[in-house]
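First up is the structure itself, then whatever we jot down about it.
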Amino acid sequence: MSATLNTTRAIVLLSGGLDSTTVLALARRDGHDVVALSYRYGQRHEHEIAAARRVAAQFGVVRHEIIDIDLRSVGGSALTSDIAVPKDRDLAATDIPITYVPARNTIFLSYALAWAEVLQSTDIHIGVNALDYSGYPDCRPEYISAFETMANLATRAGVEGTQRLRIHTPLIAMSKAQIIQLGVSLGVDYGVTSSCYDPSPDDGACGHCDACRLRQRGFAEAGVTDPTRYASAS
């Protein structure tokens with residue numbers, strides 16, 4: 001007889017940033033026991049891991065795992081190599097920026113998929129956004145839909161029909177301002193989160209990378225004070 005599936009336990013991909021923290025808050029609001037999954041993937045800084053730890057602790061998640069993956073050996077991104085992080089880029093540009101990490105969300109979701117099957121969880125939550133974002137191809141609705149289809153073809157639970165995995169992307173069509181307003185209504189403390197691609201040695205946000213500028217614009221449009229500590233040179 002099949003084991004009873006855990007329909008209340010959800011896996012949340014947690015980077016420690018604004019979006020993933022809001023998704024975690026939503027999962028908690030909806031009654032899920034949250035298992036948070038973060039990645040030390042060779043990114044050029046550790047501040048987002050520290051932020052993820054803070055967020056997980058504040059929300060009292062059931063479990064928080066930090067997975068080590070070496071994407072520096074692959075390179076190809078300003079976040080995993082010595083390529084300079086672009087500053088003050090046109091946010092309306094349609095090209096895919098050098099901060100895109102090749103296959104990152106596919107790798108992250110694959111780990112989450114394996115963990116979901118082991119934990120018998122039917123739900124993975126990820127904070128991808130296709131409106132106010134940097135143009136990454138693995139943040140689009142069609143990508144998420146295709147991965148979910150693949151996931152249910154590629155697992156024992158999916159083939160045997162004992163588990164139908166769902167990938168939840170509640171922020172995918174929201175602006176940064178809408179995300180911030182939602183998070184504030186859920187009591188999120190954005191002061192413990194971190195978004196910057198290129199922080200200063202004392203972890204002050206640069207204020208000029210895509211992530212910082214999208215965050216700044218979001219708080220301004222939401223009419224909410226930005227709690228981020230920016231480097232003095234910003």
Side-chain angles (χ1 to χ4, degrees), residues 7-39 47-62 64 91-92 104-105 108-109 112 121-136 138-145 147-148 165-197 205 207 209-230:
T7 56
T8 62
R9 178 159 294 181
I11 294 172
V12 175
L13 273 64
L14 178 64
S15 69
L18 187 154
D19 295 340
S20 67
T21 299
T22 308
V23 167
L24 195 160
L26 280 169
R28 288 298 305 274
R29 182 203 67 182
D30 293 341
H32 290 292
D33 291 330
V34 171
V35 176
L37 186 58
S38 303
Y39 298 93
H47 75 287
E48 69 178 42
I49 296 297
R53 291 185 191 275
R54 291 193 298 268
V55 172
Q58 285 204 359
F59 280 93
V61 300
V62 173
H64 182 207
L91 295 179
R104 180 174 59 180
N105 280 347
F108 288 0
L109 282 170
S121 171
T122 59
D123 301 282
I124 295 174
H125 298 242
I126 182 171
V128 292
N129 180 268
L131 190 57
D132 275 354
Y133 77 126
S134 295
Y136 300 155
D138 53 2
C139 289
R140 297 171 301 151
E142 53 267 44
Y143 163 75
I144 296 295
S145 177
F147 190 96
E148 184 179 278
L165 183 81
R166 292 166 295 179
I167 300 178
H168 301 266
T169 58
L171 311 183
I172 201 159
M174 296 175 68
S175 69
K176 273 289 187 287
Q178 290 171 325
I179 293 167
I180 290 165
Q181 290 169 336
L182 173 60
V184 169
S185 75
L186 296 171
V188 172
D189 176 9
Y190 287 117
V192 303
T193 68
S194 180
S195 300
C196 183
Y197 290 152
C209 66
D210 285 7
C212 279
R213 294 178 65 220
L214 286 168
R215 182 177 175 118
Q216 290 169 328
R217 187 175 74 182
F219 276 105
E221 291 178 352
V224 176
T225 300
D226 183 356
T228 308
R229 184 177 64 82
Y230 292 99

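Heads up: numbering here begins at 1 and tracks the sequence. Quantities reported herein were computed from a predicted structural model and do not represent experimental measurements.
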Contacts of type side-chain contact (heavy atoms from CB on, under 4.5 Å), residue Ser195, not counting sequence neighbours: Leu18, Ala211, Arg215
Minimal non-hydrogen separation, Leu14 against Ala36, with atom names: CD2-CB, 4.0 Å
Arg53: partners by side-chain contact (heavy atoms from CB on, under 4.5 Å), with sequence neighbours left out: Arg40, Ile49, His64, Ile66
Residues which pass ring-ring contact (aromatic ring centres under 6.0 Å, His included) with Tyr190, listed by chain and number, not counting sequence neighbours: Phe219
Pairing residues for Tyr143 by the side-chain hydrogen bond (donor to acceptor under 3.5 Å, both in side chains) criterion, not counting sequence neighbours: Thr106
Test side-chain contact (heavy atoms from CB on, under 4.5 Å) applied to Asp30 - qualifying residues, sequence neighbours left out: His32
side-chain hydrogen bond (donor to acceptor under 3.5 Å, both in side chains) partners for Arg217, two or more places apart: Asp132
Contact list for residues 173-183, test salt bridge (charged side-chain N to carboxylate O under 4.0 Å, His left out), sequence neighbours left out: Asp19-Lys176
Set of side-chain hydrogen bond (donor to acceptor under 3.5 Å, both in side chains) partners for Asp210, sequence neighbours left out: Arg89, Ser134
Residues which pass side-chain contact (heavy atoms from CB on, under 4.5 Å) with Ser194, listed by chain and number, not counting sequence neighbours: His47, Ala51
Qualifying residues under side-chain hydrogen bond (donor to acceptor under 3.5 Å, both in side chains), relative to Asp138, sequence neighbours excluded: none
Residues which pass salt bridge (charged side-chain N to carboxylate O under 4.0 Å, His left out) with Arg229, listed by chain and number, not counting sequence neighbours: Asp202
Residues which pass ring-ring contact (aromatic ring centres under 6.0 Å, His included) with Phe108, listed by chain and number, not counting sequence neighbours: Tyr39, Tyr41
